[in-house]
Structure formats: structure tokens, C-alpha cells
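The structure appears below as C-alpha cells.
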Amino acid sequence: MNFGLTADIHWETKVDISLGLVPQREFRDFFYSKNYGTDINKFVVVLMCRNSEYNFKQRIRFIKKEKALYMDIMLDFLLRKREIESFLKN
């Protein structure tokens with residue numbers, strides 16, 4: 001099975017830097033060896049870290065034609081921003 005990890009983020013949260021530290025090849029290798037039946041061939045995780053004023057909602061969708069499951073993981077924008085600001089001060 002194919003695995004993907006990507007993000008839709010606000011630049012101030014620096015999630016892109018954290019995402020770069022994730023061992024994506026190990027994740028891909030782990031999922032590649034898994035068999036979840038003939039109904040799913042791809043699993044994609046999207047890290048979402050956007051300001052709550054835009055009312056983003058978590059999406060979990062399965063596209064039958066692609067046999068793909070897409071799932072948003074919602075990260076707390078304000079918490080992440082405060083953590084980064086605190087880290088940069090020290």
C-alpha cells in the first residue's frame with residue numbers, strides 16, 4: 001500500500017520544518033508491506049494547521065475509484081504558534 005504524508009499549514013507554525021524531520025521512507029516502507037485488502041491501495045495523511053477563524057473542518061474521505069483514504073489531522077494553530085514563539089525567544 002502507498003502512504004503519503006503532507007501538510008496544509010500557516011507558515012508561522014513551522015510545521016513544514018517538523019514534517020521534514022519525520023522519517024517518511026520508514027513510514028512508506030511500513031505501509032508498503034501491509035495488506036488491507038483489495039479495497040484500499042493508498043493512505044494519505046494531511047497535517048492541517050490553520051487559524052481557527054477560517055473554520056477549517058477535518059476531512060476523512062475515501063475515493064473508491066483510486067482506492068485511496070485521505071485523512072486530515074487537525075493541529076492547534078494557536079498552541080503551535082505560541083510554542084514556536086517561545087522556542088525562538090530562548
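Quick caveat: nothing in here was measured; it's all calculated off a predicted structure.
- Closest non-hydrogen pair, Ile9 versus Asp16, comes out as CD1-N, 3.4 Å.
- Within a 6.0 Å sphere centred on CZ of Arg25, heavy atoms belonging to other residues, nucleotides or ligands number 12 at most.
- Listed here is the closest heavy atom pair of Ile84 and Thr13: CG1-O, 3.5 Å.
- One hydrophobic cluster, built from ILVMFWY side chains closer than 4.5 Å, cannot hold both Ile73 and Leu78; they sit in different ones.
- With sequence neighbours left out, Lys81 forms a side-chain hydrogen bond (donor to acceptor under 3.5 Å, both in side chains) with Glu12.
- Connection of Phe62 to Met48 is not established within any shared hydrophobic cluster, with ILVMFWY side chains joined at heavy-atom distances below 4.5 Å, either directly or through further cluster members.
- A chain of hydrophobic side-chain contacts below 4.5 Å, direct or via other Ile, Leu, Val, Met, Phe, Trp or Tyr residues, connects Phe31 to Val22.
- Transitive grouping of hydrophobic side chains (ILVMFWY, heavy atoms separated by less than 4.5 Å) brings Val46 and Met74 into a common cluster.
- Shown here for Phe56 and Asn51, the closest heavy-atom pair between the two residues is CD1-O, 4.5 Å.
- When all heavy atoms of Asp72 and Lys57 are compared, the closest pair comes out as OD2-O, 4.0 Å.
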Tabulate below the donor-acceptor pairs under 3.5 Å that side-chain atoms of residues 32-44 make, not counting sequence neighbours, or state none.
residue	atom	partner	partner atom	Å
Ser33	OG	Phe30	O	2.9
Asn35	OD1	Gly37	N	2.8

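- Residues Arg59 and Met71 form no side-chain contact, since every pair of their non-hydrogen atoms from C-beta on lies 4.5 Å or further apart.
- Leu69 places none of its side-chain heavy atoms less than 4.5 Å from the side chain of Ile63.
- Hydrophobic clustering (ILVMFWY, side-chain heavy atoms < 4.5 Å, transitive): Leu5 and Leu75 are in one cluster.
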